[in-house]
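Got a structure for you, questions after.
Counting begins at 1 with the first residue of the sequence. In this text the structure is predicted, and so the values were computed from the model without any measurement. Both ligands and their constituent atoms are indexed starting at 1 by order of listing.
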Amino acid sequence: MKKLFWSLLVGVILVSTSCEKSENPRLNIIPQPERMFVSDRTFKLNQNSRIIFEDPNPALRLIAEELAQFISSGSSFQPEIMPYSLVKSIENDIYLSVSLNDSLLGDDGYQMKTNNGQFISIQANTARGVFYGVQSLYQLFPDDFYDNEIRPEVWKLPAVTIKDRSRFAYRGMHLDVCRHIFPVEFIKQYIDLLAMYKYNHLHWHLTDDQGWRIEIKAFPGLTEVGAWRNETLTGHGGASSKVYDEKPYGGFYTQDEIREIVDYAALRYITIIPEIEMPGHASAALAAYPDLGCTGGPYKVETSWGVFEDIFCTKEETFSFLQQVLDEVMELFPSKYIHIGGDEAPKTRWKTCKTCQQKIKTENLADEHELQSWFVHRIEKYLNQHGRKIIGWDEILEGGLAPDATVMSWRGTAGGIEAARQGHDVIMTPVSHCYFDYYQGDPAAEPLAFGGYTPVSKVYTYEPVPEELNEKQAKHILGAQANLWSEYLKKPENVTYMALPRMAALSEVLWSPSKSRDWENFYDKLPSHFQRYEALGLNYSKAVNQIAVKEISDPNGEIMLDLKTEVPSGQIYFTTDGSEPDTSSNLFEQPIEKAAIELLKMQLYRKGQKIGETQQRAFKRSANE
Ligand code: ACM
Ligand code: ZN
């Protein structure tokens, strides 16, 4: 019966999608719901509308309260919240229920209906599903909702029928707070963004060479010493030209703050996975406790970026230390997974350390790679005994994977493929698509970033399941995650700039069915999301409308300029005489010779409409002309 319902619904949707483009208002929901039907009716939310939740259910009450607050933030009225048991009839209301009993929707799916335009019901099997339904409902409000000047007595919402559920169980965003730390209030704001796009994991990178950021009561030195560095490298700092800002920098989160953040995330159905790096990226810990290194130090909290040779020694004291740290970490974080790092651990020190070499002999290991594998196994065993599982970066494959480890594949997809073939769970986060510290536009026009080039359209094309895997192996791909390393992200506004809108694009990769992926549809939804970012005061990138200018050589060695746009059906008009380009100017169709150009002015058009401002690039004439 249910199957029949689904297939009927598919038929309706096919129809609805085609007429949606011409007649219906576009729905701007990101990530795109699995099935959605839009009727030409509207639902009128007004001062009589109540939010009715099935009771007794404290989780639904909380969702109802948040929804009421959202509505009142942009309206002249405040909806009343009512338990269903006290209600005589549902009229012009929003009804939340967990009694859908539809196994196809799993534990995060939901059904939203605007019943003949009379009332909205959001029903699911779980409160989590209702929460996601409410996130979609938020996105049905017109853009005017975010205009503080407009507070009408009625909001008209499109009447929809949605059946929706996630594609991947793991939908993650990462945040590095070691290279730069961000205030508690911002971490909450970041969590709000994750919730808006139906992410369910925040991977919180808490320890690294440049700072230890989590209070550990057993080892106060970690935050008294390890959370502070003397200064910070400025710019990219080439090998010969390192300039430092000469300003002490640091900070950490107290255990109370961490509890507050974990609770805040839990209310938004987000699990925080803490990362405690080992055996590498340990300079900050070693600066505080030099006995844990192979040489005994002295060590310092690092002031520049990269990979450092001083790592934890494999001596017994290290394990005693790490176990006590992990005890407190487990106390703070209910997450099933604890991330133990494992990446970028040079073996230089271990090679000349008597203790480490002795360990290799007594444990009958082949080399330092097996020693790292032994290290990770041992930590895994400890965490397993406490009911937790480890995640490690893909280097933990080297020397043999710990029996129950989940692998985060970051150096590409090979690590993920190998781990899945070995029957291990995998989270994909390859640098090619998932490193949001990479540029998303022309570096010349963008704030300083790590490097690379990962525009939003590229993120949008990402397919987390590698083709190399068979069906059984593919089941080990739990999902994917984008990483925000903070070397070049000093302030919250830098973080949101790199995240938005790329995390919107990745949310569609992770939540929506792969066959619904449609770049043009996604692009058309962006302006509404940009408006929402603006209303929330969030800095975000408009690089999607930027024209990329690339120098290429033609077969004769002539340097040519190739112009590219991500904008669907985008056309680039250009001039080289300094005049303002418009549709009567040259239309870019093939690479143009660079030599003759001093000033290139470009204007993007789409369907006859100007997109963004005129862009320009100046070139120096070569000396031999
Ligand atoms: C990493 O980017 N070092 C995991
Ligand atoms: Zn050692």
Side-chain angles (χ1 to χ4, degrees), residues 172-176 178-179 203-210 273 275-283 285-286 289-297 299 302 305-322 339-363 365 367-368 370-372 374-376 378 391-398 406-416 419 426-438 449-452 454 480-489 498:
M173 287 292 298
H174 152 287
L175 186 63
D176 168 15
C178 302
R179 280 53 181 256
H203 168 177
W204 202 6
H205 186 78
L206 286 162
T207 74
D208 215 304
D209 299 301
Q210 298 80 8
I273 300 179
E275 180 181 357
I276 306 296
E277 273 269 18
M278 60 188 83
H281 288 292
S283 306
L286 296 180
Y289 296 99
D291 288 350
L292 302 177
C294 291
T295 65
Y299 305 106
E302 291 297 344
W305 322 127
V307 174
F308 299 90
E309 293 192 331
D310 287 303
I311 68 174
F312 285 119
C313 180
T314 57
K315 62 179 68 153
E316 285 309 300
E317 292 87 326
T318 297
F319 291 97
S320 161
F321 165 83
L322 287 173
H339 200 304
I340 53 86
D343 59 320
E344 299 178 323
K347 307 297 183 290
T348 326
R349 297 287 180 257
W350 286 2
K351 283 193 172 133
T352 55
C353 169
K354 269 195 194 140
T355 313
C356 291
Q357 290 304 312
Q358 189 56 38
K359 227 16 146 212
I360 289 179
K361 286 207 185 81
T362 51
E363 297 297 332
L365 305 170
D367 56 15
E368 291 74 21
E370 288 200 3
L371 184 59
Q372 171 157 344
W374 171 85
F375 189 118
V376 173
R378 191 161 157 177
I391 300 180
W393 299 110
D394 58 51
E395 285 92 333
I396 67 167
L397 278 150
E398 294 160 12
T406 297
V407 171
M408 253 183 198
S409 188
W410 73 278
R411 294 177 297 178
T413 56
V426 173
I427 294 155
M428 299 303 290
T429 178
V431 286
S432 58
H433 294 78
C434 295
Y435 269 48
F436 289 2
D437 56 338
Y438 281 24
F450 180 86
T454 308
Q481 169 180 295
N483 296 336
L484 272 167
W485 300 102
S486 62
E487 286 93 334
Y488 304 100
L489 310 178
M498 297 310 265

Would you kindly say whether Gln481 and Trp410 are connected by a side-chain donor-acceptor distance under 3.5 Å?
->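 There is no such pair between these side chains.
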salt_bridge(Lys347, Glu370) N-O dist < 4.0 Å =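 Not counted as a salt bridge, because no side-chain N and carboxylate O are separated by less than 4.0 Å.
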Which atoms from ligand 1 have a heavy atom of Trp485 less than 4.0 Å away?
->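 Listed by number with element, the hits are 1 (C), 2 (O), 4 (C).
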His339 and Trp204: aromatic ring centres closer than 6.0 Å?
->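 Aromatic pair excluded; centres sit 6.0 Å or further apart.
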Where ligand 1 meets Glu344 - atom numbers and elements under 4.0 angstrom, heavy-atom basis =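 Under 4.0 Å from Glu344, ligand 1 has these atoms: 3 (N).
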Give the minimum heavy-atom separation between Val307 and Pro346, together with the two atoms involved.
->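 Closest heavy-atom pair between Val307 and Pro346: CG1-CG, 3.6 Å.
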Do Trp410 and ligand 1 have an N or O pair less than 3.5 Å apart?
->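 Such a contact does not occur with ligand 1.
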Over 12 non-hydrogen atoms of neighbours within 6.0 angstrom of CZ in Phe319 =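 It does: Phe319 CZ has more than 12 such atoms within range.
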Can you tell me the protein heavy atom closest to atom 2 (O) of ligand 1 and the distance?
->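 Closest protein heavy atom to atom 2 (O) of ligand 1: Tyr435 OH, 2.6 Å.
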Angle at the Zn ion (ligand 2) (to 10°), with one arm to SG of Cys313 and the other to SG of Cys294 =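 Seen from the Zn ion (ligand 2), SG and SG are separated by roughly 110°.
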Select one of side chain, backbone, both or neither to describe which atoms of Met408 lie under 4.0 Å from any atom of ligand 1, heavy atoms only.
->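 Neither part.
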What is the nearest protein non-hydrogen atom to atom 3 (N) of ligand 1, stated with its residue, atom name and distance?
->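 It is Asp343 OD2, 2.7 Å.
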Looking at Arg179 and Glu302, does any basic side-chain N land under 4.0 Å from a carboxylate oxygen?
->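 No, Arg179 and Glu302 are not salt-bridged.
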Metal site angle (apex the Zn ion (ligand 2)), SG from Cys356 and SG from Cys353, 10 degrees =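 That angle works out to 110° after rounding to 10°.
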